[in-house]
Amino acid sequence: MLFVLSPSEIFSALLSEEMLYSMKLSVLTSSISTFSVMCCSIPTAYALSRFSFPGKSIIKTILGLPMAFPELVMGLALLLLFGQSFLGPVLEAVGIKVTFSKLGIIIAQFFL
């Protein structure tokens, strides 16, 4: 692709309105999801490493699921969960739209 386009075309494409919007969206959602993951994972890791309690192995198994499945499968599972089949209509009735929204992006990044 770099050899097909001229440098000025690449530069103009990088500064297009769509590209700037997508970069801002990526930085915003990744910052929020990273902060959320840190707030949840540090206390969880501390509790799992320091304490012994019933159900610890189940929690460790659930936390390891995103690493065992490909991202495509996990994304499909999230779409099925928050789509029109299960949890999506309930959340939309309350006024929370997850699929194809910034919240959905953050949830997917958090989960993966």
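FYI, the numbering just counts along the sequence from 1. All figures in this text were calculated on a predicted structure; none of them were measured in a lab.
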Measuring from [X]:[atom1] to [Y]:[atom2], what's the distance to the nearest 0.5 Å?
{"X": "F110", "Y": "S41", "atom1": "CZ", "atom2": "OG", "value": "7.5 Å"}
{"X": "I59", "Y": "F53", "atom1": "CD1", "atom2": "CZ", "value": "4.5 Å"}
{"X": "F11", "Y": "S16", "atom1": "CZ", "atom2": "OG", "value": "11.5 Å"}
{"X": "L91", "Y": "T99", "atom1": "CG", "atom2": "OG1", "value": "9.5 Å"}
{"X": "M23", "Y": "E18", "atom1": "CE", "atom2": "CD", "value": "11.0 Å"}
{"X": "T34", "Y": "I106", "atom1": "OG1", "atom2": "CD1", "value": "10.5 Å"}

Is there a continuous path of hydrophobic side-chain contacts, each under 4.5 Å between heavy atoms, that joins [X] to [Y]?
{"X": "Y46", "Y": "I42", "result": "no"}
{"X": "M19", "Y": "L25", "result": "no"}
{"X": "V73", "Y": "F82", "result": "yes"}

Just so I know, are the side chains of Q84 and E92 near enough to count as touching, which here means a heavy-atom distance under 4.5 Å? yes

Side chain proximity check, L103 to K97, heavy atoms < 4.5 angstrom: no

Does atom [atom1] ([X]) have a neighbourhood of more than 12 heavy atoms from anything else shown, all under 6.0 Å?
{"X": "L14", "atom1": "CG", "result": "yes"}
{"X": "L72", "atom1": "CG", "result": "no"}
{"X": "E17", "atom1": "CD", "result": "no"}
{"X": "K56", "atom1": "NZ", "result": "yes"}

At their closest point, which heavy atom of [X] faces which heavy atom of [Y], and how far apart are they?
{"X": "K102", "Y": "Y21", "value": "CE-OH, 4.2 Å"}
{"X": "S26", "Y": "S30", "value": "O-OG, 2.7 Å"}
{"X": "L112", "Y": "M74", "value": "CD2-CB, 3.5 Å"}
{"X": "G83", "Y": "P89", "value": "O-CD, 3.3 Å"}
{"X": "I107", "Y": "V98", "value": "CD1-CG1, 3.9 Å"}
{"X": "S57", "Y": "T61", "value": "O-OG1, 2.8 Å"}

So L48 and L63, side chain to side chain contact (heavy atoms under 4.5 Å, CB included) or not? Walk me through it. CA-CA 11 Å; L48 288 174; L63 291 175; 3.7 Å; yes

In a check of side-chain contact (heavy atoms from CB on, under 4.5 Å) between F111 and each of L65, V37, L78, which one passes? L78

